[in-house]
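The structure appears below as structure tokens.
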There are 2 protein chains.
Amino acid sequence: MLTRSEENYLKTILHLSEETQKPVSTNAVADKLSTKAASATDMIQKLAAKGLASYYKYKGVKLTTKGTREALRVVRKHRLWEVFLLKELHFKWDEVHEIAEQLEHIKSPLLIERLDEHLGFPKFDPHGDPIPNANGEVVTIPTTTLSILNPGERCRVICAKDSSSDLLTYLDKIDISLGVEIEIMEFHAFDSSFSIRVEGAGPITLSSKVAENIIIERL
Amino acid sequence: MLTRSEENYLKTILHLSEETQKPVSTNAVADKLSTKAASATDMIQKLAAKGLASYYKYKGVKLTTKGTREALRVVRKHRLWEVFLLKELHFKWDEVHEIAEQLEHIKSPLLIERLDEHLGFPKFDPHGDPIPNANGEVVTIPTTTLSILNPGERCRVICAKDSSSDLLTYLDKIDISLGVEIEIMEFHAFDSSFSIRVEGAGPITLSSKVAENIIIERL
DNA sequence: ATATTTTTTTAGCTTAATCTAAAATATATT
DNA sequence: AATATATTTTAGATTAAGCTAAAAAAATAT
Ligand SMILES: [Mn+2]
Ligand SMILES: [Mn+2]
Ligand SMILES: [Mn+2]
Ligand SMILES: [Mn+2]
């Protein structure tokens, strides 16, 4: 049986190794969990001892098949609870993550299958992230971010890369939500910001940081 | 902020002091939580230090007003989640308690108010226990148990005194659920058991232990 | 190639929550 | 009232998860 802390570490390592196949650094894990490198080293060694991660001193950490399976279980729970909170309890998309961070640790396999069924087997969470199925299978979504587009191109928002309340509240404020269409007007080389137009509304400016956190599909 | 363990102790002390006003013994607390007396002593001293309980060595423990308020918050969460599990996720009444034991520790005042609203502000949980309101007010239900009735009397089941799966599964099996009417046929002094008749069905025998755990109202 | 800086690990402490065994106190029995 | 038994508390360990500070290794700069 995994502890809450072990589950949080597994999930973090999974997310950090999502893009690249390379091992994840101790510092990256510690930063993501707002803890210290020494604590991360301890836990990584513990996960390795349990066969959930492979680890060589100073070389970073990777999840084993078993570790990946456990991490995906937690991610599944997290995202299903997010859907529940948004759809049934009317929380906003920037409020669900924090509560799901607790709910994801509830231990009851039956509970999560019942919840999935109750919600109508949703495929994506409120931030556009795919929900692993009961067998731990996940669809991979594109990773194209708004930041790589050129003036004149059009796209549709499909996912927010970061589920921090800071980003999501800001996107809400400028009327960017999943599914909206955006047209790139200008790119400003000086600070890598963009002028964009959201679905007929007036043009607005997006910083490079924000643009890098909006996952889109080209239209 | 209370830890999970502190919350479990508070809830246990509240329940144990429900009937009598007297302080609760260390052993009673330890037994209910399946832990050891030494551990209970430690935690009771900690609760007293935090102003949640009043405690004098060898004299047992009582909750303070503050402690009672916190305990009732946990009970409120526990019972609302039980309603959710039964009504929305179709768990049986003997399955909800264990999962609610985990869910009751989720920290989010807004979540529980939204859940309450979503469920239509239920007044009782699946076992007939009253749900404290947001201000910590609870209705007190009668404590008359089937075991004090005499042959010829009729009653309606309003609450199960114990939410263990053992009792509830058994009641299910003999078709006793909340609201059913029961007629006392005979009392057997030898083992204090009863012959009863449930809503027109054939007569059955109830042990004294079971009879003591069924809360009823006379008809 | 050496020296400096950064990253990572180790060593040693701390806190919460448990446990067992022994000591202290309270209760029950003769 | 004295003794025996039961209950409760204390003392001392243990385990999980964190921390800081120092040591070791790797990466970067000169
Ligand atoms: Mn979490
Ligand atoms: Mn999400
Ligand atoms: Mn609990
Ligand atoms: Mn209940």
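Values below: every heavy atom of this structure, side chains too, minus hydrogens, waters and symmetry copies. Below, chain A is the first sequence line, B the second, and so on; all start at residue 1.
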Calculate the interatomic distance between [X] atom [atom1] and [N] atom [atom2]; express it in whole Å.
X       : N      : atom1 : atom2 : value
A/Tyr56 : C/dT8  : OH    : C1'   : 18 Å
B/Asp42 : C/dC19 : CG    : P     : 10 Å
A/Ile44 : C/dT9  : CD1   : C1'   : 11 Å
A/Asn8  : D/dG18 : CG    : C1'   : 14 Å
B/Tyr55 : D/dT10 : OH    : C1'   : 10 Å
A/Glu7  : D/dA16 : CD    : P     : 16 Å
B/Tyr9  : C/dA16 : OH    : P     : 15 Å

Check nucleotides 22-27 of chain D for protein N or O atoms closer than 3.5 Å to its own N or O atoms and list the pairs.
residue : atom : partner : partner atom : Å
D/dA25  : O4'  : A/Tyr58 : OH           : 3.4

What residue among A/Thr205, A/Leu206, A/Ile214 forms side chain to side chain contact (heavy atoms under 4.5 Å, CB included) with A/Ile196?
A/Leu206
Result for side chain to side chain contact (heavy atoms under 4.5 Å, CB included) between A/Phe84 and one of A/Lys87, A/Glu82, A/Glu88 points to A/Glu88
Taking NZ, NE, NH1 and NH2 as the nitrogens, is one of them in [X] or [Y] under 4.0 Å from a carboxylate oxygen of the other?
X       : Y        : result
B/Glu70 : B/Arg73  : yes
A/Glu18 : A/Lys161 : no
B/Lys50 : B/Glu6   : yes

Can you tell me the base-pairing partner of D/dT30? Count Watson-Crick or G-U wobble geometry only, both distances below 3.5 Å, and say none if there is no partner.
C/dA1
Residues of residues 18-37 of chain A with any non-hydrogen atom less than 4.0 angstrom from an atom of DNA chain D: list those, numerically ordered, please.
A/Thr35, A/Lys36
Under 4.0 Å, heavy atoms only, any strand: does A/Ala40 hit a base, just the sugar-phosphate, or nothing?
nothing
For [N], take OP1 and OP2 only and decide whether either is under 4.0 Å from a side-chain N or O of [X].
X       : N      : value
A/Thr41 : C/dT9  : yes
B/Ser5  : C/dT18 : yes
B/Gln45 : D/dT8  : no

Would you compute the distance between atom CD of A/Glu113 and atom OG of A/Ser108 and round it to the nearest 0.5 angstrom?
9.5 Å
Do B/Arg114's NZ or CZ and the ring of A/Phe91 fall within the cation-pi criteria of under 6.0 Å and 45°?
yes
Decide whether B/Asp125 and B/His78 meet the rule of one side-chain donor and one side-chain acceptor closer than 3.5 Å.
no
If you draw a 6.0 Å radius around CD in B/Glu98, do more than 12 non-hydrogen atoms from other residues or ligands fall strictly inside?
no
